[in-house]
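Down below is the structure, laid out as structure tokens.
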Amino acid sequence: MNNLLNFLIKHVSWFVFMFYVITSCVLLFRNNPYQQSVYLTSANAVASTVLEGYSSVTSYFNLKDINEELQQRNAALEMQVVALKNELANVKLQLPDTTHVQPVVSQFDYVVAHVISNSVSQPYNYITINRGTADGIVPEMGVVDHNGVVGMVNVVGEHSARVISLLNPHMKLSCKVKRNGFFGSMVWDGKDPEFAMLQELPKQGKYQKGDTIITSGYSAVFPEGIIVGTVESVSKELSDNFVSLRVRLATNFMQLSTVRAIKNKMKVELKLVESKDEKSANTKKGG
Amino acid sequence: MTKNILHFGILFIVMVLLQIVCSKILLFDLATPLIFIYFIIRLPMNLSKNWVYTLSFFLGLVVDIFNNTQGMNALACTLMSALRQPVFNIYMPREDDMSNPIPSIQSLGTGVYLKYMITLVVIFCLFIFMIQSFTFSNVALTLLRALCSSVLTIVILFGIDSLMSTRREKRL
């Protein structure tokens, strides 16, 4: 017993060392980004305060470019409003008074947030925003900016949240080609922050350079039709039946400033229906 | 003693804050300065191993928290801190004649200190980029990145060192 104690005391630094190595390996190789404590991410109170102070200085650097992008976006939306107004007026002229065009209740709502920390050079990139549970942010909300899709909320603190960037292989986004409606899943290949791969598209579709890629709306995270990017080139996959597209991302991840987290008002109901479906499927299987 | 604790406490915080800024830098798509390990390099040589491991691990963990790189810096820091003493012994075999146990240009002389610092920085950068490239294996690019980051880090650390030493000389 004495010998054992002596041995332990003699080599205690070795055990301390091994303890730290194993702890960090556990952190490193725990691949699921969802089961993380808030305290170990940049969404914790101390880290977000420091990062917010830092970003209050750096957020001014890209304002000129961002402003220009916003102006262009604004102009495009204004044109769209004019076109839609004309169309609506035409429809109203053609239809008799009794059948009014019904206003549609919007299923989605937005929370505006500022990016306080962002990376593009890591293999797994994350974004930190300055809104949290106090502002109605919950995990698995979609995040977009004025150009296109940014990512998905992942870990939420009280006044800050961590977002999985689209530049992160953990993020798989269901997208479709706007022109013909074929859909696949978008994954970042870890190389260039301007490009991602849209995989598992059926072979029979015709894809051209310049085709617009939009969100499919099959999950409750993003509404249908948000721009993701444009096709840069088409390449064959290993199996014969699929092709993958190299997509130039619409979002400029180097200059993220203000983003919007999308609140889906019907998410709870959708989840409920889905879980009911699963349950009934299970019982059918069991029976 | 208390003065040393205070000194290293401040150094810890300053290094973490500087690293937040440095982590955003990516020079030529290759080099990122990793200057926070300056804290580990400067820890007194007579500090017990347990303390060195503990401080290194937590330094890495704090940087990880800010960068959202779960455990990557913590692992590399702990591994590097274990190699600190052996590297030091290679360049400085007689350790009993050190009046000041904190490694610096004054206490070791420029040549020995630079060799010690450069070796540790290169080791750390190799560790970090090897851990990073578990998922994306491109050996040549990984080595190039490690090398470029090492060079950039060494240059910055040398700058910090000369700043600190000139200030101290003036005070004397």
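Just so you know, these numbers use all the heavy atoms, side chains as well, and skip hydrogens, waters and symmetry mates. The chains referred to below are lettered A, B, ... by the order of the sequence lines, with proteins before strands, and numbering in each begins at 1.
Looking at L61(B) and L27(A), their side chains come closer than 4.5 Å, going by heavy atoms from C-beta outward. Between F58(B) and Y20(A), some side-chain heavy-atom pair lies under the 4.5 Å cut-off.
Heavy-atom neighbours of chain B within the stretch residues 8-16 of chain A, taken at a separation under 4.5 angstrom, comprise V12(A), S13(A), V16(A). Along residues 8-17 of chain B, the residues that come nearer than 4.5 angstrom to chain A, judged on non-hydrogen atoms, are L17(B) in order of number.
The structure places CZ of F57(B) at 7.0 Å from CZ of F19(A), a figure rounded to the nearest 0.5 Å. Y126(A) contributes atom OH, which lies 4.5 Å from atom CD of Q70(B) (distance to the nearest 0.5 angstrom). We find the CD1-SG distance between I131(B) and C25(A) to be 7.5 Å, quoted to the nearest 0.5 Å.
Contact annotation for S48(A): neither backbone nor side-chain heavy atoms come within less than 4.5 Å of a heavy atom of chain B. When heavy atoms are compared at a cutoff of 4.5 Å, S119(A) does not approach chain B at all. If you measure heavy-atom distances from V21(B) to chain A, the contacts under 4.5 Å come from both the backbone and the side chain. Of the atoms belonging to N125(A), not a single heavy atom falls under 4.5 Å from chain B. Both the backbone and the side chain of F66(B) have a heavy atom closer than 4.5 Å to some heavy atom of chain A. With a threshold of 4.5 angstrom between heavy atoms, T69(B) approaches chain A through side-chain atoms but not through N, CA, C or O.
Here the shortest heavy-atom pairing between T78(B) and F17(A) reads O-CE1, 3.4 Å. S24(A) and G71(B) get closest at one heavy-atom pair: CB-O, 3.7 Å. Across R162(A) and N68(B), no two heavy atoms sit closer than the pair CD-OD1, 3.1 Å.
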